[in-house]
Number of protein chains: 2
Amino acid sequence: MGKKQPDSCGLGPALEVISGKWKALLLWQVHKAPARFGELKRLVPDISEKMLIQQLREMEADGIVHREVFPEVPPRVEYSITEFGIELDNALIPLARWGKQHAGRTDGQRPGKASALAPRGL
Amino acid sequence: MGKKQPDSCGLGPALEVISGKWKALLLWQVHKAPARFGELKRLVPDISEKMLIQQLREMEADGIVHREVFPEVPPRVEYSITEFGIELDNALIPLARWGKQHAGRTDGQRPGKASALAPRGL
DNA sequence: TCAAGTACCGACAAAAATGTAAGCCACCCA
DNA sequence: TGGGTGGCTTACATTTTTGTCGGTACTTGA
């Protein structure tokens, strides 16, 4: 970090925020509607509880999702998208369109990939 | 892949294509101007040769950069951005703007991060 | 009393991504 | 004959990310 490079285009922070295996998927789920922990678990069946909570916490720290505890019985925790998250979502639309338009050129070509990242159905 | 989910928004492929530690940076460099191997090495000083060639090859496989060998002496290899890559670049602009606008909310908050991904100056 | 549901935490292990260092081959120049 | 450049390749090590599995605390229902 000695010399500040003139090429700070903002992509770094942005990519960091969504580049978890499940983050985009989770962002999209809470974008559709607020959801509670167990609900998200059901919506994204292949995620483990550890990963679910971990990614949610990071997204919370990054300000794109909001976590609210309702002191009821049984306890209820709801995750919802923030304004900040909605803007991110919108910024992702062109990228999604790009991926959709040219689907098939990249996907399925590399056999050894596509297992760790991009679970499926993005 | 048993049941096709209705939520194929294209983000998966797109994220897979740019989510390497150096890919966005490299895409941006070849976007500015075609460059040869050693040139890229100089432009992105912290990348190792192995990573450089690896990421370039993957980007080539994904169709976003083009590799051309000039049978000269000394041998010359030039990497340039493709049409496909330019479109990707454009699709990334809103995302970059998002990251730039809200810089500081995410960056620098998590001490243990920012080392593996997003080298610097994105 | 036992099972089940909700929302987690944490140790450990596997897998994936990245880094380090060395070597290769063809050529040029001295 | 030896060193330097260009564009790689390969083996191996380290770091980062993700997964597995078990446990916690509380409460309701059978």
Side-chain angles (χ1 to χ4, degrees), chain A residues 12 15-26 30 34-62 65-80 110-120, chain B residues 15-26 30 34-62 65-80 110-120 122:
Chain A
L15 286 175
E16 210 169 290
V17 165
I18 35 155
S19 70
K21 181 166 171 185
W22 310 95
K23 286 191 185 169
L25 205 42
L26 289 174
V30 298
R36 38 197 306 195
F37 185 84
E39 209 168 344
L40 287 169
K41 215 173 75 180
R42 261 167 265 126
L43 288 166
V44 187
D46 287 351
I47 196 174
S48 67
E49 295 190 346
K50 181 201 162 192
M51 271 300 117
L52 181 49
I53 195 71
Q54 185 175 306
Q55 307 257 298
L56 283 172
R57 288 277 152 91
E58 287 181 15
M59 293 165 85
E60 194 196 352
D62 286 336
V65 305
H66 172 68
R67 175 175 182 270
E68 189 159 10
V69 184
F70 296 87
E72 302 172 0
V73 57
R76 194 157 73 92
V77 180
E78 227 181 55
Y79 295 90
S80 52
R110 272 184 278 150
K113 295 270 294 183
S115 56
L117 274 159
R120 106 202 88 263
Chain B
L15 287 176
E16 210 167 290
V17 164
I18 35 156
S19 69
K21 181 167 171 182
W22 310 95
K23 287 191 185 168
L25 205 43
L26 289 173
V30 298
R36 39 196 305 194
F37 185 86
E39 209 168 343
L40 287 169
K41 214 171 77 179
R42 261 167 267 127
L43 288 166
V44 186
D46 288 351
I47 196 172
S48 68
E49 295 190 345
K50 180 202 164 190
M51 271 298 117
L52 179 51
I53 195 73
Q54 184 176 307
Q55 307 256 303
L56 283 172
R57 288 276 152 91
E58 287 180 16
M59 293 166 86
E60 193 195 353
D62 286 335
V65 305
H66 172 69
R67 174 175 182 270
E68 188 158 10
V69 184
F70 296 86
E72 303 172 358
V73 59
R76 194 158 72 93
V77 181
E78 228 181 53
Y79 295 91
S80 53
R110 271 183 280 151
K113 294 270 294 185
S115 57
L117 275 160
R120 108 204 87 261
L122 276 164

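Just so it is clear: chains get the letters A, B, ... in the order the sequence lines come, proteins before strands, and each one is counted from 1.
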Chemist: Roughly how many Å is it from CG in A/Leu40 to P in C/dC8, rounded to a whole number?
Modeler: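 My rounded result for the distance is 11 Å.
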Chemist: Taking all atoms of both residues into account, what is the closest heavy-atom pair of A/Lys41 and A/Glu49, and its distance?
Modeler: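 Scanning both residues completely, I find the closest heavy atoms to be NZ-OE2, 2.7 Å.
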Chemist: Please report, rounded to the nearest Å, how far the P atom of C/dG5 is from the CD atom of A/Glu72.
Modeler: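 Rounded to the whole Å, the gap is 19 Å.
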Chemist: To the nearest Å, give me how far apart CD1 (A/Ile47) and C1' (D/dT20) are.
Modeler: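 From A/Ile47 CD1 to D/dT20 C1': 14 Å.
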Chemist: Could you tell me whether the phosphate oxygens of C/dA17, OP1 or OP2, come under 4.0 Å of any side-chain nitrogen or oxygen in B/Gln54?
Modeler: no
Chemist: Whole angstroms only, please: what is the CG-P distance between B/Leu52 and C/dA17?
Modeler: 18 Å
Chemist: Could you pull out the closest heavy-atom pair between B/Arg36 and B/Val77, with the gap in Å?
Modeler: CB-O, 2.9 Å
Chemist: List the atom of A/Gln55, the atom of A/Lys21, and the distance in Å for their closest heavy-atom pair.
Modeler: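 Distance-wise, the nearest heavy atoms are OE1-N, 3.7 Å.
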Chemist: How long is the line joining CE of A/Met51 and P of C/dC8, in whole Å?
Modeler: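 It is 15 Å, rounded to the nearest whole Å.
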Chemist: Return the set of residues passing side-chain contact (heavy atoms from CB on, under 4.5 Å) with A/Ile47 (not counting sequence neighbours), or none when no residue passes.
Modeler: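 By the side-chain contact (heavy atoms from CB on, under 4.5 Å) rule, A/Ile47 matches A/Trp22, A/Leu26, A/Val44, A/Met51, A/Leu52.
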Chemist: Looking at every heavy atom in both A/Pro34 and A/Glu78, which two are closest together, and how far apart are they?
Modeler: CB-OE1, 3.8 Å
Chemist: Nearest whole Å is fine: how far is C/dT20 C1' from B/Asp46 CG?
Modeler: 14 Å
Chemist: Just the table, please: protein N/O against nucleotides 4-12 of chain D N/O, every pair under 3.5 Å.
Modeler:
{"unit_1": "D/dG6", "atom_1": "O3'", "unit_2": "B/Arg36", "atom_2": "NH2", "d": "3.3"}
{"unit_1": "D/dG6", "atom_1": "O3'", "unit_2": "B/Pro75", "atom_2": "O", "d": "3.4"}
{"unit_1": "D/dG7", "atom_1": "OP1", "unit_2": "B/Arg36", "atom_2": "NE", "d": "3.2"}
{"unit_1": "D/dG7", "atom_1": "OP1", "unit_2": "B/Arg36", "atom_2": "NH2", "d": "3.0"}
{"unit_1": "D/dG7", "atom_1": "OP1", "unit_2": "B/Val77", "atom_2": "N", "d": "3.3"}
{"unit_1": "D/dG7", "atom_1": "OP2", "unit_2": "B/Gly38", "atom_2": "N", "d": "3.1"}
{"unit_1": "D/dC8", "atom_1": "OP1", "unit_2": "B/Arg57", "atom_2": "NH2", "d": "3.1"}
{"unit_1": "D/dC8", "atom_1": "OP1", "unit_2": "B/Arg67", "atom_2": "NH2", "d": "2.5"}
{"unit_1": "D/dC8", "atom_1": "OP2", "unit_2": "B/Tyr79", "atom_2": "OH", "d": "2.9"}
{"unit_1": "D/dC8", "atom_1": "N4", "unit_2": "B/Glu49", "atom_2": "OE1", "d": "2.1"}
{"unit_1": "D/dT9", "atom_1": "OP1", "unit_2": "B/Arg57", "atom_2": "NH1", "d": "3.3"}
{"unit_1": "D/dT9", "atom_1": "OP2", "unit_2": "B/Arg57", "atom_2": "NH1", "d": "3.1"}

Chemist: At their closest point, which heavy atom of A/Pro45 faces which heavy atom of A/Arg42, and how far apart are they?
Modeler: CG-O, 3.7 Å
Chemist: Can you check the B/Gln55 CD to C/dA17 C1' distance for me, whole Å?
Modeler: 9 Å
